[in-house]
Amino acid sequence: MQLPFPPAEEPDAPTAEKGRLLFAGPSEFVKGVVAMSGLPPADRVEICFAGRSNVGKSSLINALTGTKGLARASNTPGRTQEINFFAQGPGLYLVDLPGYGYANAPLAVVEKWQKLLKQYLSGRQTLRRAFVLIDARHGVKAVDDEIMKLLDSAAVTFQCVLTKTDKVKAADRDKVLTQVRGALAKHPAAYPEIVLTSSEKGDGIASLRAIIAGLTEE
């Protein structure tokens, strides 16, 4: 029986090469945006990354691009208060959304971030897919479910990316996968495939690159 939301398979050689070539080009920070008026021109494909604070979002972006320090990791949850745009060659923006689930941020700041997030997700025509990062040690939390509901309402297809899979034993990972699949099944915007990654070990990076390369060709 086919599992719902199966793990993404390793890409074949030609598909993997397309992903490698896309990310072999230059990766550059473009700007951090705090209001819709500051968005760069919608002149290329965009894919965005969303996740709880400390889920490993910056590490994943750095691993994808092969550019150490491109996205700045912070030990302080919620420090990244902007939508950060990175140009990956001439035809793609990688968009790093503010981390959510920040316990220590002032309420007014949280509300401002949430408003900007909703506006961006609902109004960006060039956005092809959102990648929602879930920590493999913890599974889907209530705050993750909220962002998934937001993506449902914005009609933005999102794909789950499990991070830090190298930190979890195989038996525990299976339990988390079962929980994640159950959570994803409730969301019509969820893409029916999960990418298992480890930024530290490089697991799943080729698969994610290939998926993103495919989105630029649509």
With sequence neighbours left out, what residues match Phe85 under ring pair (Phe, Tyr, Trp, His ring centres under 6.0 Å)? Tyr93

Give a yes/no verdict on a cation-pi contact between Arg129 and Phe158, requiring under 6.0 Å between NZ or CZ and the six-membered ring centre and an angle within 45° of the axis. no

By the rule that ILVMFWY residues connect when side-chain heavy atoms come within less than 4.5 angstrom, directly or transitively, which residues belong alongside Leu94? Leu22, Phe23, Phe29, Val45, Ile47, Phe49, Val55, Leu60, Ile61, Leu64, Leu70, Phe86, Leu92, Phe131, Leu133, Val161, Val195, Ile205, Leu208, Ile211, Ile212, Leu215

side-chain contact (heavy atoms from CB on, under 4.5 Å) between Lys31 and Glu82, worked out: CA-CA 9 Å; Lys31 65 188 307 189; Glu82 303 173 332; over 6 Å; no

Once rounded to the nearest 0.5 Å, what's the spacing between atom NZ of Lys201 and atom NZ of Lys164? 14.5 Å

Test side-chain contact (heavy atoms from CB on, under 4.5 Å) on Asp203 and Thr197 and set out the steps. CA-CA 5 Å; Asp203 299 342; Thr197 66; 5.8 Å; no

Set of side chain to side chain donor-acceptor pair (under 3.5 Å) partners for Arg137, sequence neighbours left out: Asp135

Evaluate the criterion side-chain contact (heavy atoms from CB on, under 4.5 Å) for residue pair Tyr120 and Leu127; output intermediate values, then yes/no. CA-CA 9 Å; Tyr120 169 72; Leu127 180 61; 3.7 Å; yes

Taking side chain to side chain donor-acceptor pair (under 3.5 Å) as the definition, give me every residue that meets it alongside Glu193, ordered by chain and number, with sequence neighbours left out. Gln159

Acceptor/donor pairs from residues 168-179 side chains to any protein atom, 3.5 angstrom cut, sequence neighbours excluded:
unit_1 : atom_1 : unit_2 : atom_2 : d
Thr178 : OG1    : Asp174 : O      : 3.0
Gln179 : OE1    : Val140 : N      : 2.9
Gln179 : NE2    : Val140 : O      : 2.9

Candidate pair Cys160 and Val132, rule side-chain contact (heavy atoms from CB on, under 4.5 Å), full reasoning: CA-CA 5 Å; Cys160 175; Val132 177; 5.5 Å; no

Can you list everything that forms a salt bridge (Lys or Arg N to Asp or Glu O under 4.0 Å) with Glu28? Sequence neighbours excluded, please. none

For the OG1 atom of Thr126 and the CZ atom of Arg44, what is their distance to the nearest 0.5 Å? 9.5 Å

Under 4.5 Å between any side-chain heavy atoms of Pro98 and Ile83, yes or no? yes

Output all residues satisfying side chain to side chain donor-acceptor pair (under 3.5 Å) with Lys167, sequence neighbours left out; order by chain, then residue number. Glu200

Mind checking side chain to side chain donor-acceptor pair (under 3.5 Å) for Asp152 and listing every partner two or more places apart, or none if nothing turns up? His187

Within the 4.5 Å heavy-atom criterion, are Leu150 and Val156 side-chain neighbours or not? no

Rounded to the nearest 0.5 angstrom, the NZ-CG distance for Lys115 and Leu117 is 13.5 Å

Report the distance from atom CE of Met36 to atom OG of Ser122, rounding to the nearest 0.5 Å. 8.5 Å

Applying side-chain contact (heavy atoms from CB on, under 4.5 Å), can you list everything that pairs with Ala35, at least two apart in sequence or on another chain? Ser37

Between Arg128 and Glu46, is there a salt bridge with N-O shorter than 4.0 Å? no

Does Glu111 have any salt bridge (Lys or Arg N to Asp or Glu O under 4.0 Å) partners at least two apart in sequence or in another chain, and if so, which? none

Going by the rule salt bridge (Lys or Arg N to Asp or Glu O under 4.0 Å), which residues pair with Glu9 if we only count those two or more places apart in sequence or in a different chain? none

Can you tell me if Asp166 and Ser198 form a side-chain donor-acceptor pair at under 3.5 Å? yes

Look at Asp145 together with Lys149 and state whether they make a salt bridge at an N to O cut-off of under 4.0 Å. yes

Thr163 versus Ser199: any side-chain heavy-atom pair under 4.5 Å? no

Residues at least two apart in sequence or cross-chain that pass salt bridge (Lys or Arg N to Asp or Glu O under 4.0 Å) with Lys186, listed by chain then number, are none

Side chains of Arg124 and Val95 in contact at under 4.5 Å (non-hydrogen atoms): no

Go through the side-chain N and O atoms of Asp12 and Thr15 and say whether any donor and acceptor fall under 3.5 Å apart. yes

